[in-house]
Amino acid sequence: MWYDEFARRFNATFVAADMYKQFISGLRNTLFITLCATVIGCAIGSAVAIAKVYHAHTGRLKWVNRLCDLYLTVIRGTPIVLQLLIMYFVIIPPRYSALLAAILTFGINSGAYLAEIIRAGIMAIDIGQTEASRSLGLSAAASMRFVILPQAIKNILPAIGNEFIALLKETSVVGYITVIDLTRAGNLVRARTLDPYFSLFFVAGVYLLLVIGITSLLKKLERRLRRNDRSA
């Protein structure tokens, strides 16, 4: 009967030889890489965005602006898989883990896209906000930190959320440098059981559930921010 075949395949994919542990380990690595890369990407993206906005408003730091443009051009103009391989085989010394290479690669890559998102958010804020905060005695750095950035983040939150979701799915290529993420775990199990259906559809389902969960959390956060704005 079909359910006997289903039970056999389910047992081979998840139960036999503790295969489920492979998926748990892969999911843990996927989430760890995504979260760490997001932190790095936000830090790099914010720094690059602020530097470019500062140059646009003052004309200063020309060499920093050129370095930022070079960074954005190179990172956005080359495939993520190629960047991953270069980081692992060329830049990161062999004694360090492939996991570190993956985190750095995706953090640097995400930073390039977040930089343009954050820059657009900052530029969308009325220049009068900056002038008003400066007239109250705030320094340029304090004005950016306490007045401009909070407003910009609210405006670009959906775009940042989309970048986080894209980053989560892009980590599926870390198997190229032997990191066992969720996708590679599914491939390893598939190769052992010779049954592509359960492992591949299970991995796809996990990614789908993660994306749905993240999207739901972002929508709740957006609604809360809108309520706070109306009550302010």
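Owing to the predicted nature of the structure, the values given are computational and were not obtained by experimental measurement.
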From [X] atom [atom1] to [Y] atom [atom2], the distance as rounded to the nearest 0.5 Å:
| X | Y | atom1 | atom2 | value |
| --- | --- | --- | --- | --- |
| Leu218 | Ile165 | CG | CD1 | 6.0 Å |
| Asn155 | Ile122 | CG | CD1 | 11.0 Å |
| Ile40 | Leu35 | CD1 | CG | 11.5 Å |
| Ile156 | Ile117 | CD1 | CD1 | 7.0 Å |
| Leu99 | Cys36 | CG | SG | 7.5 Å |
| Leu104 | Tyr88 | CG | OH | 13.5 Å |

With salt bridge (Lys or Arg N to Asp or Glu O under 4.0 Å) as the rule and sequence neighbours excluded, what pairs involving [range] come up?
| range | result |
| --- | --- |
| residues 52-75 | Lys52-Asp69 |
| residues 98-119 | Glu116-Arg119 |
| residues 28-43 | none |

Hphob cluster co-occupancy, [X] + [Y], side-chain heavy atoms under 4.5 angstrom:
| X | Y | result |
| --- | --- | --- |
| Phe201 | Leu209 | no |
| Phe106 | Ile91 | yes |
| Leu210 | Leu208 | no |
| Leu85 | Ile180 | no |
| Val39 | Ile153 | no |

* **With Tyr113 via side-chain hydrogen bond (donor to acceptor under 3.5 Å, both in side chains) - residues at least two apart** =>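 Tyr113 satisfies side-chain hydrogen bond (donor to acceptor under 3.5 Å, both in side chains) with no residue once adjacent residues are dropped.
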* To do: Sequence neighbours left out, what passes side-chain hydrogen bond (donor to acceptor under 3.5 Å, both in side chains) with Gln151? Give chain and number order.
  =>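 Gln151: side-chain hydrogen bond (donor to acceptor under 3.5 Å, both in side chains) contacts with Gln129.
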Shortest non-hydrogen contact from [X] toward [Y]:
| X | Y | answer |
| --- | --- | --- |
| Ala101 | Ile177 | CB-CD1, 4.2 Å |
| Tyr71 | Ile108 | OH-O, 2.6 Å |
| Ile44 | Gly107 | CD1-O, 4.3 Å |
| Leu84 | Val174 | CD2-CA, 3.8 Å |
| Ala185 | Gly26 | CB-CA, 4.4 Å |

* To do: Any pair with a residue in residues 159-168 that passes side-chain hydrogen bond (donor to acceptor under 3.5 Å, both in side chains), sequence neighbours left out, goes on the list, sorted by first then second residue, please.
  => Ser110-Glu163
* Scan residues 164-184 for pairs that pass side-chain hydrogen bond (donor to acceptor under 3.5 Å, both in side chains), counting only residues two or more places apart or in two chains. =>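 side-chain hydrogen bond (donor to acceptor under 3.5 Å, both in side chains) check on residues 164-184 returns Thr183-Tyr207.
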Could you pull out all residues at least two apart from [X] that satisfy side-chain contact (heavy atoms from CB on, under 4.5 Å)?
| X | answer |
| --- | --- |
| Ala115 | Val48, Leu72 |
| Ser46 | Ile118 |
| Leu221 | Leu157, Leu225 |

Can you give the donor-acceptor pairs under 3.5 Å from side chains of residues 74-83 to other protein atoms, not counting sequence neighbours?
| unit_1 | atom_1 | unit_2 | atom_2 | d |
| --- | --- | --- | --- | --- |
| Thr78 | OG1 | Val74 | O | 2.8 |
| Thr78 | OG1 | Gln83 | NE2 | 2.8 |
| Gln83 | OE1 | Asn109 | ND2 | 3.0 |
| Gln83 | NE2 | Ile75 | O | 2.8 |
| Gln83 | NE2 | Thr78 | O | 3.0 |

* Asked: Checking side-chain contact (heavy atoms from CB on, under 4.5 Å) for the pair Asn187/Arg190: CA distance, chi angles, key distance, verdict?
  -> CA-CA 5 Å; Asn187 284 332; Arg190 176 183 57 82; 3.5 Å; yes
* Asked: Members other than Trp63 in its cluster, when Ile, Leu, Val, Met, Phe, Trp, Tyr link by side-chain heavy atoms under 4.5 Å?
  -> Tyr54, Leu61, Val64, Leu67
* May I ask you to test the Thr30-Val206 pair for a side-chain heavy-atom distance under 4.5 Å? => no
